[in-house]
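The structure under discussion appears below in the form of structure tokens.
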Amino acid sequence: IKAKVKEALDKNIRLSCHAIGESAIDQITEIYGELESLIPKTGAMMRIDHFEFPTQKAVERIKKLPLAITVQPGFSWIDKRFLKSYKQFLPESIIARQLPLKELMNSGVCVCGSSDSPVQSVNPYEQMLGMVDFYIKEQSLTPYEALKTYTVNPAKMLGEENTGTLCVGKDADFFVCDRDILSCKGTDITLCKADYMVVRGKKYKNKKGTVTELLRMLVTKPHKI
């Protein structure tokens, strides 16, 4: 694994590694720790997907590494209330360190939300619900922090920091929500939906699939805010 990671770094390839559980996460974070000097500090980030049930040692290591992690707290929200598989198969000591979500965000780790589709719906608000009403209550995020895992943080992870926030000079790519996400309480956040989307400074319209539309897309220049 270390040889493959080094090969990717040498070729300037960004890796995505799936790792769940202490052994897998310890292994990949140790490798990245040993190769830290080779990890790019700018541009797209190497990442670890499903970062769940890490040891505290791995948590401390990830705080110091220029890596991004993706999480899917929507599943644990459902599991705690309906499936009960964590309680059925895992000891309380393991469940208690399922994911130090708040701790990682407060430490500046680039945490990104994702759906793990088709295991779950691609609806981002379901994952955000899992973040603001997290399995481990003290590790819950605010709606603002949850929103960052789908906006500014993914932009940073992909090395596309010309998007992700609304600032003068950045690409005018954003959506307008039908309600104030930041004031949502509990499950209300799952009622959110996008009224419309703006891409390159223009209100997005569904394409009809014509050749004319394709040619227009190819010649249209990005618009700045």
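Minimum interatomic distance between Pro40 and Leu9 (heavy atoms only, all atoms of both residues): CD-CD2, 3.9 Å. Closest heavy-atom contact between Gln139 and Phe134: CB-CD2, 3.7 Å. Shortest non-hydrogen contact noted between Leu147 and Ile181 is CD1-CD1, 4.1 Å. Heavy atoms only, all atoms of each residue included: Lys80 and Tyr135 are closest at NZ-O, 2.8 Å. For the pair Leu182 and Tyr144, the tightest heavy-atom approach, listed with the atom from each and the gap, is CD2-CA, 3.5 Å. Considering every non-hydrogen atom in both Ser115 and Ser121, the closest pair reads CB-O, 3.2 Å.
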One pair to check against side-chain contact (heavy atoms from CB on, under 4.5 Å): Arg179 and Cys184. What are the steps and the verdict? CA-CA 8 Å; Arg179 66 188 66 208; Cys184 287; 4.1 Å; yes

Go through the steps for Glu160 and Asn162 under the test side-chain contact (heavy atoms from CB on, under 4.5 Å), then give the verdict. CA-CA 5 Å; Glu160 298 178 0; Asn162 58 320; 3.8 Å; yes

Verify side-chain contact (heavy atoms from CB on, under 4.5 Å) between Val111 and Leu141, making sure each step is shown before the conclusion. CA-CA 11 Å; Val111 179; Leu141 302 183; 5.9 Å; no

Can Glu34 and Lys2 be said to form a salt bridge (charged side-chain N to carboxylate O under 4.0 Å, His left out), step by step? CA-CA 9 Å; Glu34 293 171 10; Lys2 183 178 179 180; 2.8 Å; yes

Just do the side-chain hydrogen bond (donor to acceptor under 3.5 Å, both in side chains) check on Ser85 and Asp79 with the steps written out, would you? CA-CA 6 Å; Ser85 64; Asp79 190 87; 2.2 Å; yes

Working for salt bridge (charged side-chain N to carboxylate O under 4.0 Å, His left out), residues Lys11 and Glu7: CA-CA 6 Å; Lys11 294 180 179 179; Glu7 180 182 358; 3.0 Å; yes

Do Val132 and Thr142 pass the side-chain contact (heavy atoms from CB on, under 4.5 Å) test, and can you show the C-alpha distance, the side-chain angles, and the key distance before you say yes or no? CA-CA 6 Å; Val132 300; Thr142 65; over 6 Å; no

Salt bridge (charged side-chain N to carboxylate O under 4.0 Å, His left out) between Arg81 and Asp133: does it pass, once the steps are laid out? CA-CA 12 Å; Arg81 290 154 182 80; Asp133 187 15; 2.9 Å; yes

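Remark: Leu191 CG is packed, more than 12 non-hydrogen atoms of other residues, nucleotides or ligands lying under 6.0 Å away.
Tyr196 has its ring centre no less than 6.0 Å from the ring centre of Phe174. If you look at Tyr204 and Phe175, their ring centroids are not closer than 6.0 Å.
In this structure, Ser107 contributes its side chain and Val109 its backbone to no donor-acceptor pair below 3.5 Å. Side chain of Thr165 to main chain of Cys167: no donor-acceptor pair is present (N/O by atom type, distance under 3.5 Å, no hydrogens or angles).
Checking Asp26 against Thr55 by side-chain atom types alone, a donor-acceptor pair falls below 3.5 Å. Using a 3.5 Å distance cut-off with no hydrogens or angles, the side chains of Glu103 and Gln56 do pair a donor with an acceptor. Donor-acceptor pairing under 3.5 Å is lacking for the side chains of Thr163 and Lys170.
Linking ILVMFWY side-chain heavy atoms closer than 4.5 Å, directly or via other members, places Ile95 and Leu83 in a single hydrophobic cluster. Phe82 is connected to Tyr86 through a chain of hydrophobic side-chain contacts under 4.5 Å among Ile, Leu, Val, Met, Phe, Trp and Tyr, so both are in one cluster. No single ILVMFWY cluster, assembled from side-chain heavy atoms under 4.5 Å apart, contains both Met45 and Leu104. In the hydrophobic cluster analysis, where Ile, Leu, Val, Met, Phe, Trp and Tyr join through side-chain heavy atoms closer than 4.5 angstrom, Leu90 is grouped together with Trp77. Cluster membership check: Ile78 shares its hydrophobic cluster with Leu129, using side-chain heavy-atom separations under 4.5 Å among Ile, Leu, Val, Met, Phe, Trp and Tyr.
Proximity of Met46 to Tyr32: side-chain heavy atoms (C-beta onward) are separated by under 4.5 Å at one or more points. At least one side-chain heavy atom of Lys208 sits less than 4.5 Å from a side-chain heavy atom of Glu213. Counting only heavy atoms from C-beta outward, the side chains of Asp171 and Arg200 never approach each other to under 4.5 Å.
With respect to Lys57 and Glu22, no salt bridge is recorded, no charged nitrogen being found less than 4.0 Å from a carboxylate O. Checked for salt-bridge contact, Lys102 and Glu145 meet the test: a charged N lies under 4.0 Å from a carboxylate O.
Atoms CG and NZ, from Asp173 and Lys202 in turn, are 13.0 Å apart once rounded to the nearest 0.5 Å. One finds the CZ atom of Arg47 at 7.0 Å from the NE2 atom of His18 (value rounded to the nearest 0.5 Å). The SG atom of Cys110 sits 7.0 Å away from atom CE of Met157, with the distance rounded to the nearest 0.5 Å. Rounding to the nearest 0.5 angstrom, the gap separating the CG atom in Leu15 from the CD1 atom in Ile39 is 10.0 Å. How far OH of Tyr125 is from NZ of Lys193: 9.5 Å, rounded to the nearest 0.5 Å. Ile25 contributes atom CD1, which lies 8.5 Å from atom CD1 of Ile62 (distance to the nearest 0.5 angstrom).
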Distance-only donor-acceptor pairs under 3.5 Å for side chains of residues 66-76, two or more places apart:
| unit_1 | atom_1 | unit_2 | atom_2 | d |
| --- | --- | --- | --- | --- |
| Thr70 | OG1 | Asp49 | OD1 | 2.5 |
| Gln72 | OE1 | His50 | ND1 | 2.8 |
| Gln72 | NE2 | His50 | ND1 | 3.4 |
| Gln72 | NE2 | Ser114 | OG | 2.6 |
| Ser76 | OG | Pro73 | O | 3.0 |
| Ser76 | OG | Gln98 | OE1 | 3.2 |

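Each side chain to side chain donor-acceptor pair (under 3.5 Å) pair with one or both residues in residues 147-159, not counting sequence neighbours, would appear here, but there are none.
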